[in-house]
2 protein chains.
Amino acid sequence: MTAGNTGRKRPTISDVARRAGVTKGAVSRALNSGTGVSTGTRERIRLAAVELGWSPSYAARALNGKPLGTIGLVVRRSPEILDFDAFFPSFLSGIESVLSGEEHATVIRFVPDAQTEAATYERLFGDRFVDGFLVTDLRVDDERPAMLHRLGAPAVVVGAPEGSSDLPTITNDAEEAIRGLVRRFADAGHRRIAHVQGDRHMLHALQRRRHWEQAMGEFGLEPGPVEHGGYTIVGGAQATERILARSGDERPTAVFYGSDLMAIGGYSVLGEAGLAIPADVAVAGFDDIPLASFASPPMTTVRSKHRALGSAGARILLDMLKGQAPPLSTVLTGELCIRDSSGDPV
Amino acid sequence: MTAGNTGRKRPTISDVARRAGVTKGAVSRALNSGTGVSTGTRERIRLAAVELGWSPSYAARALNGKPLGTIGLVVRRSPEILDFDAFFPSFLSGIESVLSGEEHATVIRFVPDAQTEAATYERLFGDRFVDGFLVTDLRVDDERPAMLHRLGAPAVVVGAPEGSSDLPTITNDAEEAIRGLVRRFADAGHRRIAHVQGDRHMLHALQRRRHWEQAMGEFGLEPGPVEHGGYTIVGGAQATERILARSGDERPTAVFYGSDLMAIGGYSVLGEAGLAIPADVAVAGFDDIPLASFASPPMTTVRSKHRALGSAGARILLDMLKGQAPPLSTVLTGELCIRDSSGDPV
DNA sequence: CTGAAAGCGCTAACAT
DNA sequence: ATGTTAGCGCTTTCAG
């Protein structure tokens, strides 16, 4: 139990000032910069504040343009992704792990469309309700970096390719892992390797596809059919059906899914079609969600460091808020996890 | 793009007032209650506000004791649970699904200990940084309901037994499902059915245990050994080792784990011990995480409605904030999901 | 119905 | 080193 202020009004700096025998101004200085006050009175003021159980008013501080100690996360997706998607919970976990040490809170807002999204960023920062933003799910032609720049809002982009904006960016680099995956498929004799791309508006989906295309080229393979699965289980299932609908010798013998979830959808369609993994069709996913290693067969996938993306993003944003110049680019490297679903090289 | 206020100061009600040819007071009334202003001027004021791209200042509003449109979630657990635990992501998902429709944001704060926890609640609400709280993970002798009452903070408790506090409570009632589970075990001839309890400080862990004990009694069985697994995978594994360490005819033939995660830990220990599920040891979990149906064998478990708990909690809290009297008790019923791990009744 | 003015808790000049 | 005084943007009396 703190001071027993059982319900009465909270003390203000005026109360503290009175008790310490000084004025509000002195209290404000003593409690903030600490300069412009003699050591003696500063201590007297500090003591008075503690005795009264005083704590600062966020609102009054904010009204004077002071930072509140909050970072904003505005997410333009269905709240359900928290339940299904691999990224967000881990990402949030990473953020919170650094914020819980600092005196910072996270403000989360899910928005349905671009217009609400823009308005939310503007309001949140316009009134300094948040000190800065962590930006995820960067889209092709995303207008947020420009808007945030215009607003003058501190922000770091997480999970986007290097150079995709002029904001400090944390990249989830899976190029080498994807190359390793394609090599493995190629070594096993696969020629037609399909790709199921996630949400086509997302930069990370595009990037995974590019890496796949590039690796295919390097191994002298024609980038096989590409289907879109929207990063969902059903999307992955439907994409797989479209792939299977191809006639005999055009049908891919391996599929690289842009997310584990889509690959799970693929598993069920392949199973119903009587196709064995990896004997008939080899499969690989992306993310390495817990389920991947428990699936049957255990799924080969590219592990991306969701938590680390969150913690690195939060760390850098916090440093920016303290006035430090952020690294413009930070790269975390994805790792290839070989399991049974991709089969063995010959 | 909204109004092209490219970086200059945001308009205030003074600006709106000037443009509409009235005073600040009139603007405030027009934009809030709407009363005390003629329809004509109100429209004029509204128009001026829109033209100027005005939006209210959270800080100034808060300074006058107005609600900000935020609900608080303070969590005294390691941020890692977001990554591993089944509950939080889904719960948050439920919350966000109702909040995204309303003009509300979620403020999340992870705290390490009881002292920080208390201070966080006090500060957050003391300054009306949040309008109310959603309280989870109610512990035995939890002091938060009393504190929240003392603060006068609107709050609803989620996932706790009915009557565990005098706050409006949303209960995850699994009594019948657990009874059904024990019945199934009993019908299959099991006599010694162990229980692996979650975090012993948590009310929900205690509640699951009580339901199990009661059901055991109803079927004339002695509540077998109880081990503690702390709701983690390793905890569940260790608890399972302790169970297996028992001598021959004292060794349980079935285990009811207080969470799927702990059961997963159990799976691996049982497997390493060369024990088949369910032939040698029958297993059931609790939660129904996605992984449960993908485990091998697929896991029998009690499905609890995490998302629904979040959405119901948010819904009720929002109603309270609007002045409605909340239902003191809301009950969601858990559902038994029979899969292979529990074996067949004879 | 509308205007004027006080004040919410705090910061930041500006005096002294 | 300390006190004094304006505000920050808004709500809410209280007059008119």
Side-chain angles (χ1 to χ4, degrees), chain A residues 5 8-49 52-69 122-129 131, chain B residues 5 8-46 48-49 52-69 103 122-129 131:
Chain A
N5 250 353
R8 295 275 66 76
K9 291 178 88 66
R10 294 169 19 115
T12 74
I13 54 168
S14 295
D15 299 319
V16 177
R18 197 173 316 118
R19 179 175 250 262
V22 292
T23 57
K24 293 180 355 179
V27 173
S28 178
R29 281 181 296 239
L31 263 21
N32 291 320
S33 57
T35 69
V37 203
S38 70
T39 322
T41 43
R42 175 164 54 235
E43 279 319 308
R44 204 147 35 86
I45 290 171
R46 289 239 162 93
L47 182 64
L52 258 33
W54 174 88
S55 65
S57 157
Y58 294 114
R61 276 236 238 267
L63 201 46
N64 287 287
K66 302 275 119 179
L68 277 184
E122 291 204 5
R123 279 208 64 188
L124 246 28
F125 187 74
D127 200 43
R128 296 302 185 277
F129 193 78
D131 305 338
Chain B
N5 249 351
R8 294 274 69 77
K9 295 177 86 66
R10 293 168 19 115
T12 73
I13 53 168
S14 295
D15 300 320
V16 176
R18 195 172 319 117
R19 179 174 251 262
V22 293
T23 57
K24 292 176 1 176
V27 174
S28 177
R29 281 180 298 241
L31 262 22
N32 293 318
S33 56
T35 68
V37 202
S38 69
T39 322
T41 45
R42 174 165 53 237
E43 279 320 307
R44 204 146 36 86
I45 291 172
R46 288 238 163 95
L52 257 32
W54 174 88
S55 67
S57 156
Y58 294 115
R61 278 239 236 265
L63 200 47
N64 287 288
K66 302 276 118 178
L68 277 183
E103 284 277 275
E122 291 205 5
R123 279 210 65 188
L124 246 29
F125 186 74
D127 200 43
R128 298 299 187 280
F129 193 78
D131 304 338

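The chains referred to below are lettered A, B, ... by the order of the sequence lines, with proteins before strands, and numbering in each begins at 1. Values reported hereafter were calculated over all heavy atoms of this structure, with side chains retained and with hydrogens, waters and symmetry mates removed. The structure presented is a predicted model; accordingly, all values stated were derived computationally and were not measured.
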With a 4.0 Å cut-off on heavy atoms, is A/N32 in touch with a base, just the backbone sugar-phosphate, or nothing at all?
sugar-phosphate
Mind calculating the distance between CZ (B/R128) and P (C/dG9) to the nearest angstrom?
12 Å
Over all heavy atoms of both residues, which pair between A/L63 and B/S57 is shortest? Give the atoms and the distance, please.
CD1-OG, 4.4 Å
At under 4.0 Å between heavy atoms, what does B/V27 touch on the DNA or RNA strands: base, sugar-phosphate, or nothing?
nothing
Base, sugar-phosphate, or nothing: which does B/G21 touch, judged by heavy atoms less than 4.0 Å apart?
sugar-phosphate
Relative orientation of the end axes in the helix from C/dC1-D/dG16 to C/dT16-D/dA1, expressed as an angle to the nearest 10° (five pairs per end):
40°
So, does A/D127 use its side chain to make a donor-acceptor pair with the main chain of B/P56 at under 3.5 Å?
no
Spacing of A/L52 atom CG and A/I13 atom CD1 [to the nearest 0.5 Å]
12.5 Å
Just to be sure I understand the rule, does B/T41 reach a base, reach only the sugar-phosphate, or reach nothing, if contact means heavy atoms closer than 4.0 Å?
sugar-phosphate
Value rounded to 0.5 Å, distance of OG1 in A/T39 from CZ in A/R44:
12.0 Å
Closest-nucleotide 5' rank along DNA chain C - winner of A/A59 and A/K66
A/A59
List, with names and distances, any nitrogen or oxygen atoms from the protein found under 3.5 Å away from nitrogen or oxygen atoms belonging to nucleotides 6-8 of chain C.
from, atom 1, to, atom 2, distance (Å)
C/dG7, N2, B/N64, OD1, 3.2
C/dC8, O2, B/N64, OD1, 3.3

Please tabulate the protein-to-nucleotide N/O contacts below 3.5 Å involving nucleotides 13-16 of chain C, giving atom names and distances.
none

Need one value for B/T23: base, sugar-phosphate or nothing, where a base atom within 4.0 Å counts as base even if backbone is also close, heavy atoms only.
base
From B/L31 CG over to B/R42 CZ, what is the distance, rounded to the nearest 0.5 angstrom?
10.5 Å
Do the ring planes of B/Y58 and A/F129 sit parallel (below 30°), tilted (30 to 60°) or perpendicular (above 60°)?
tilted
Which heavy atom of A/L68 sits nearest a heavy atom of A/A62, and at what distance?
CD2-CB, 4.0 Å
Which heavy atom of B/S55 sits nearest a heavy atom of B/R10, and at what distance?
OG-NH1, 3.2 Å
Work out which heavy atom in B/K24 is nearest to a heavy atom in B/S14; give both atom names and the distance.
CD-OG, 3.2 Å
In whole Å, I'd like the distance from the CZ atom of A/R18 to the C1' atom of D/dT2.
18 Å
With a 4.0 Å limit, can you tell me whether B/S28 has a side-chain N or O closer than that to the phosphate oxygens OP1/OP2 of D/dG9?
no
Roughly how many Å is it from CZ in A/F129 to P in D/dG9, rounded to a whole number?
17 Å
Nearest-nucleotide pick for A/S57, side chain only, options being C/dG3, C/dC10, D/dC10:
C/dC10
Whole-Å distance, B/D15 CG to D/dG9 P, equals 9 Å
Distance check needed: D/dT2 P versus A/R44 CZ, whole Å only.
8 Å
Nearest-0.5 Å distance that lies between atom CG in B/D15 and atom CZ in B/R19:
10.0 Å
I want to check a possible cation-pi pair here: A/R128 against A/F125, using under 6.0 Å from ring centre and within 45° of the ring axis as the test.
yes
Can you check whether B/V37's main-chain N or O pairs, donor with acceptor, with B/R29's side chain at less than 3.5 Å?
no
Measure from CG on A/L68 to P on D/dC8 and round the result to the nearest Å.
19 Å
